[in-house]
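What follows is a set of notes on a single structure, which appears directly below.
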Amino acid sequence: MLGRVNHIAIAVPDLAVATAAYRDTLGAAVSQPQALPEHGVTVVFVELPNTKVELLQPLGATSPIAAFLEKNPSGGMHHICYEVDDILIARDRLVEAGARVLGDGQPKTGAHGKPVLFLHPKDFFGTLIELEQA
Ligand SMILES: C[C@@H](C(=O)O)C(=O)SCCNC(=O)CCNC(=O)[C@H](O)C(C)(C)COP(=O)(O)OP(=O)(O)OC[C@H]1O[C@@H](n2cnc3c(N)ncnc32)[C@H](O)[C@@H]1OP(=O)(O)O
Ligand SMILES: [Co+2]
């Protein structure tokens, strides 16, 4: 069911500082910031030869990453995003296996304009999983 790693996400308290560190100190290509109000985050993508790193900063009063940053004030690894061929087939198989799909269970449009879903970190060994339709 799982395909490629699409991205690894890091929650950060200050997106401009984190973007500059990846661009200037680590020497990576970085995107412009993209506000995603439906997801409660602003994102910057770090483009790597084999995958991407997604830098996340909270957006709005009810960001899903707010509690995470309270517990990890200097930032931390937040989720890993795997590609799947068919997100609804993947979702139904996971629900049948007892995994908790977050939110209302319906895919939202993610940062790449494709459907995404999230799986509860406690069901997958302490790691929040995002699925993105390839
Ligand atoms: C744009 C899109 C894209 O790429 O296309 C994105 O990525 S949007 C990226 C942002 N969107 C999302 O993350 C959407 C899905 N996430 C959520 O619904 C939420 O963040 C939850 C995963 C439900 C966590 O919510 P919240 O932190 O408010 O709940 P909580 O404090 O009760 O946490 C419940 C337990 O899970 C742990 N926990 C929370 N977030 C975690 C994470 N990222 N990785 C590992 N563990 C995590 C907490 O420490 C706590 O454990 P203890 O009880 O042991 O202390
Ligand atoms: Co993501």
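Values below: every heavy atom of this structure, side chains too, minus hydrogens, waters and symmetry copies. For ligands, and for the atoms within them, numbers begin at 1 and follow the listed sequence. In this chain, numbering begins with 1 at the start of the sequence shown. Source: prediction; values computed, not measured.
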(request) Check whether any N or O atom of H78, backbone or side chain, sits under 3.5 Å from an N or O atom of ligand 1, and answer yes or no. (result) yes

(request) Examine the proximity of ligand 1 to K122 and report which part, side chain or backbone, both or neither, has a heavy atom under 4.0 Å away. (result) side chain

(request) Could you check atom 21 (C) of ligand 1 against the protein and tell me its nearest heavy-atom contact, residue, atom and distance included? (result) L102 CD1, 4.4 Å

(message) If we ignore hydrogens and angles and just use 3.5 Å, is the side chain of S31 paired with the main-chain N or O of V44 as donor and acceptor?
(response) no

(request) Would you kindly specify which portion of P64 sits under 4.0 Å from ligand 1, judged on non-hydrogen atoms: side chain, backbone, both or neither? (result) both

(request) Determine, using heavy atoms of K108 and all atoms of ligand 1, whether some pair is separated by less than 4.0 Å. (result) no

(request) Could you tell me how the ring of H79 sits relative to the ring of F118: parallel (under 30°), tilted (30 to 60°) or perpendicular (over 60°)? (result) perpendicular

(request) Using distance alone, decide if ligand 1 has a nitrogen or oxygen within less than 3.5 Å of any nitrogen or oxygen in K71. (result) yes

(request) Could you tell me which atoms of ligand 1, counted from 1 in the order shown, lie closer than 4.0 angstrom to a heavy atom of F68? (result) 40 (N), 41 (C), 42 (C), 43 (N)

(request) Kindly state if atom 24 (C) of ligand 1 has a protein heavy atom within a strict 4.0 Å cut-off, that is, under 4.0 Å? (result) no

(request) List every atom of ligand 1 that sits less than 4.0 Å from any heavy atom of L36, numbering the atoms from 1 in the order shown and giving each element. (result) 1 (C)

(message) Would you say H78 and E54 are linked by a side-chain donor-acceptor pair, where the criterion is simply a distance under 3.5 Å?
(response) no

(request) Decide whether an N or O pair under 3.5 Å exists between H79 and ligand 1. (result) yes

(request) Could you tell me if any non-hydrogen atom of C81 lies under 4.0 Å from any atom of ligand 1? (result) no

(request) Output yes when the distance from some N or O of ligand 1 to some N or O of E54 is under 3.5 Å, and no in every other case. (result) yes

(message) Under 4.0 Å from a heavy atom of A67: which atoms of ligand 1 are those, numbered in the order shown and with their elements?
(response) 27 (O), 28 (O)

(message) With nothing but distance in play, are any N or O atoms of A111 less than 3.5 Å from an N or O of ligand 1?
(response) yes

(message) Looking only at protein heavy atoms, which one is nearest to atom 8 (S) of ligand 1, and what is the separation?
(response) F118 CZ, 3.7 Å

(message) For the metal site, I want the angle between atom NE2 of H79 and atom OE1 of E54 with the Co ion (ligand 2) at the apex, to 10°.
(response) 90°

(request) Using a distance threshold of 4.0 Å (strictly less than), state whether atom 29 (O) of ligand 1 has a protein heavy-atom neighbour. (result) no

